[in-house]
Every structure is written in structure tokens, then in C-alpha cells.
Amino acid sequence: MPELPEVETTVRALREPLIGRRITAVSNDWPRQIASHEDVAAFDWQIRGQQIDAINRRAKYLVFSLSGDDTLIIHLKMSGHLAVEDAAAPRHKHVHTVFSLDNGRELRFRDMRKFGRVYLVQEPETVLGGLGPEPLDEAFSPDVLRERLNGRSRAMKPLLLDQSFIAGVGNIYADEALFYSSIHPRRTADSLTQNEIVALYAAIQKVLTMGIEREGASIDLYTKPDGTRGDMQNAVAVFRRTGMPCYQCQTPINRIVMNSRSTHFCPQCQPYPVKSESQ
DNA sequence: ACCGGAGCCTGTTAGC
DNA sequence: TGCTAACAGGCTCCGG
């Protein structure tokens with residue numbers, strides 16, 4: 001479920017209740033969720049007593065810097081959700097890992113589909129090492145994007161979803177960015193013009209920034225840590241708008257499947273270059 | 001390098 | 001109403 005804006009929103013909401021808190025214990029009823037350790041006891045033993053010094057985001061990962069020089073890393077995958085709640089408050093049925101805190105509250109990791117993962121590592125790069133550039137970092141520029149596209153024959157939609165190409169973009173924001181840059185999702189990387197590359201860069205910035213400002217897209221399961229919904233679902237141009245009129249030209253939005261992911265675009269605003277008679 | 005398919009999970013929805 | 005299949009915002013592995 002969550003992409004860069006949803007994870008960023010979660011990080012921002014968790015800082016106030018968590019920074020400066022000490023983790024006193026961990027419990028878990030789905031051991032596979034803890035990816036870095038064979039058994040929960042070892043994980044609990046290692047994290048116990050460490051204070052949360054900082055919370056940041058890298059791609060779609062939440063990164064907690066701990067006082068013992070360990071790093072706690074969490075990926076929400078499709079259905080993960082983090083919340084800080086009173087230990088006495090009822091637990092949602094899909095909570096599988098609970099971090100007890102020194103103030104009577106708990107950080108609870110709930111995940112209906114059980115794809116989400118927790119890592120406790122000394123070297124964050126062991127988990128985060130393969131990721132591409134952060135799209136909202138100052139270091140990311142149209143020139144960087146052009147260099148990374150150079151010489152690649154891959155279609156743009158799967159390329160934007162590739163976390164080693166660019167970090168944090170998922171299915172919603174990939175479709176939205178291609179719409180705002182008027183690029184058909186099947187266009188190949190090496191077919192983009194200079195103007196299109198600049199437009200794509202601007203569109204990526206635009207949709208991710210909008211997503212953060214609107215605190216994420218609550219289309220299916222995603223909510224903020226406090227359970228309230230984001231607002232980005234009300235501002236999508238193409239994602240899951242199949243058959244509905246394009247806001248720019250009224251043409252019905254198309255849905256196709258690429259690499260097993262649904263892909264939405266406006267066939268009028270994002271034309272595919274005609275090679276022969278077929279398209 | 002790139003694509004497609006299977007797999008990991010549970011729940012909701014569309015279609016018969 | 002009830003069953004079944006398709007689908008879901010992520011990502012990895014494997015074979016071709």
C-alpha cells in the first residue's frame with residue numbers, strides 16, 4: 001500500500017510520540033515478520049533498552065536510529081501500518097509485532113497481508129544498499145535522471161517502479177508522474193526527448209510533493225498512524241480512474257497490465273508513437 | 001538487460 | 001444468497 005508520501009507521512013507522525021522513548025521489550029506472534037533474526041528472543045535481547053534517537057525515511061523504509069548504534073528498519077509493503085497506542089488499549093487483530101515503550105505505550109506493527117518486514121542491523125546499508133536516488137533530494141536533478149535513463153531500453157512504467165532506478169515511487173505515483181509528463185507507460189527509456197526528461201523530473205517532484213502535502217492516498221487500506229485518512233486519493237488524475245474522463249481532454253482513462261501491475265493512462269494526452277498500423 | 005510468472009498473505013469485490 | 005475468481009498501493013526469485 002504505502003509509497004514514498006505515505007511512508008513520509010507515517011514517519012512525521014511517529015516522531016513526536018517516539019523520539020526519546022526507550023524500548024523495553026518486543027513481542028511477536030509471526031516470526032517471519034522479523035527478517036533480520038532467526039528468533040524473536042534474540043531480536044528482543046538486542047533491542048531492549050535502546051532509546052529511539054531519530055526517525056527518518058529512505059525510499060519506502062522507515063529508519064529508526066537507536067542509542068545503541070543499531071538501526072531499526074521497517075518496510076510496510078502492501079498493508080503495513082504503525083501506530084503508538086496505550087498498552088491497555090485493545091489491539092487490532094492483525095498486529096504482529098509490539099515494541100513496548102518506557103511510558104506505558106506501545107509501537108504496534110499491524111499488517112493484514114504479512115508482507116511487511118522488520119530489521120535490526122548495525123549497518124543500515126545491508127538493507128538499504130541497493131536503492132536508487134531519493135527523488136526529493138537536492139542531489140536528484142534532471143541531469144541525474146537523464147544519465148540513469150541513458151542507454152536503457154526498458155519501458156518507463158516498470159523502470160519507475162524499480163527501486164534501484166529511483167527510490168520510493170510506487171504504482172500510484174508512477175502512473176501519475178507519467179500522466180503529468182505526457183509519457184505513455186510503454187515508452188522506452190531511450191526514446192525520451194530532452195524535454196520529456198525534464199517534464200518527467202518535474203512531474204515526479206510534483207506528484208510526490210502533492211502526496212506528502214495531502215498526507216498520502218487512502219485508496220484501499222492506508223491510513224495515517226492515528227487512523228485518519230490522507231487526501232491524495234481526491235487528487236489523482238489517472239490512478240484507478242479507468243473509463244472516467246481525463247480531466248484535461250475528457251477521453252476515457254485506459255487501464256492496461258504491465259509486469260503484472262495495473263497501469264492507468266490517458267490515450268490522448270499520453271500518445272504511443274505509431275510504428276506501423278498497430279499501436 | 002529485460003520480461004513474465006510464481007510466490008509471499010489476507011481480505012474485498014465483481015461476476016455468475 | 002453463495003461460490004469463485006480476480007484483484008490489491010511491494011518486492012524477490014527463477015527461467016528464458
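What you see below is based on every heavy atom in this structure, not just the backbone, and it leaves out hydrogens, waters and symmetry mates. Residue numbers begin at 1 in each chain, while the letters A, B, ... track the order of the sequences.
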Measure from the ring centre of A:Phe115 to the centre of the six-membered ring in the base of B:dC9, then say whether that distance is under 5.5 Å and the planes meet at under 30°. no
For A:Arg148 and B:dA1, give me the distance from atom CZ to atom P, rounded to whole Å. 12 Å
I want to check one thing: is the phosphate of C:dC11, taken as OP1 and OP2, less than 4.0 Å away from some side-chain N or O of A:Lys77? no
Options B:dG5, B:dC3, C:dC7, nucleotide nearest the side-chain atoms of A:Arg255: C:dC7
Tell me whether the OP1 or OP2 atom of B:dG11 has a side-chain N or O from A:Lys93 closer than 4.0 Å. yes
Rounded to whole angstrom units, what separation is found between the CD atom of A:Glu3 and the P atom of C:dA8? 13 Å
Is it the case that C:dA8 (base atoms only) and A:Arg113 (side chain only) share a donor and an acceptor within less than 3.5 Å, ignoring hydrogens and angles? yes
Quick check with a 6.0 Å cut-off and a 45 degree axis cone: is A:Arg21 positioned over the face of A:Phe99's six-membered ring? no
OP1 or OP2 of B:dC9 versus the side-chain N and O atoms of A:His94: is any pair under 4.0 Å? no
State whether the number of non-hydrogen atoms from other residues, nucleotides or ligands found under 6.0 Å of A:Glu125 atom CD is greater than 12. yes
Whole-Å distance separating the NE2 atom of A:His81 from the C1' atom of B:dC9: 19 Å
At under 4.0 Å between heavy atoms, what does A:Ala217 touch on the DNA or RNA strands: base, sugar-phosphate, or nothing? base
Value in whole Å for how far the P atom of B:dG4 lies from CE of A:Met258: 8 Å
What pattern of brackets, bars and dots sums up DNA chain C from 5' to 3', given Watson-Crick or G-U wobble pairs under 3.5 Å, [ ] for crossing pairs and | for another strand? .|||||||.|||||||
Nearest whole Å is fine: how far is B:dC3 P from A:Ile256 CD1? 12 Å
Side chain to side chain, A:His92 and A:Arg108, heavy atoms closer than 4.5 Å: no
A side-chain contact here means heavy atoms from C-beta on lying under 4.5 Å apart; do A:Val118 and A:Ser36 qualify? no
With P as the reference atom in both, quote the distance from C:dT1 to B:dT10 in angstrom, rounded to an integer. 27 Å
Just to be sure I understand the rule, does A:Leu76 reach a base, reach only the sugar-phosphate, or reach nothing, if contact means heavy atoms closer than 4.0 Å? nothing
Using OP1 and OP2 only, check whether a side-chain N or O of A:Lys60 sits under 4.0 Å from C:dC11. yes
Side chains of A:Glu176 and A:Val236: closer than 4.5 Å at any heavy-atom pair? yes
Please tell me if the side chains of A:Asp44 and A:Asn28 come closer than 4.5 Å, counting only heavy atoms from C-beta onward. no
Starting at NZ of A:Lys157 and ending at P of B:dC2, how long is that distance when rounded to a whole Å? 17 Å
Just wondering, more than 12 heavy atoms not from A:Asn234 lying within 6.0 Å of its CG? yes
Identify, residue by residue, the members of residues 162-175 of chain A with a heavy atom below 4.0 Å from DNA chain B, and return them in order of residue number, or none. none
Check whether any side-chain heavy atom of A:Arg91 lies under 4.5 Å from a side-chain heavy atom of A:Val98, and answer yes or no. yes
With nearest nucleotides of DNA chain B determined for A:Arg154 and A:Arg32 from heavy-atom distances, which residue corresponds to the more 5′ nucleotide? A:Arg154
Show your reasoning for whether side chain to side chain contact (heavy atoms under 4.5 Å, CB included) applies to A:Asp143 and A:Arg146. CA-CA 5 Å; A:Asp143 282 345; A:Arg146 178 168 42 75; 2.7 Å; yes
Which is true for A:Arg117 with a 4.0 Å heavy-atom rule: it touches a base, it touches only sugar-phosphate, or it touches nothing? nothing
Would you indicate whether the side-chain heavy atoms of A:Ile74 and A:Thr97 approach each other to under 4.5 Å? no
Does A:Gln122, at its CD atom, have more than 12 non-hydrogen atoms belonging to other residues, nucleotides or ligands within less than 6.0 Å? no
For the P atoms, the ones on C:dC3 and on B:dC9, what distance do you get once it is rounded to whole angstrom? 26 Å
Atom NE2 of A:His92 to atom C1' of B:dT10: distance rounded to whole Å? 12 Å
Interatomic distance where CD belongs to A:Glu6 and P belongs to C:dA8 [whole Å]: 16 Å
Phosphate oxygens OP1/OP2 of B:dC2: is one of them under 4.0 Å from a side-chain N or O of A:Arg186? no
When we call it a touch if two heavy atoms are under 4.0 Å apart, what does A:Ser262 touch: a base, just sugar-phosphate, or nothing? sugar-phosphate
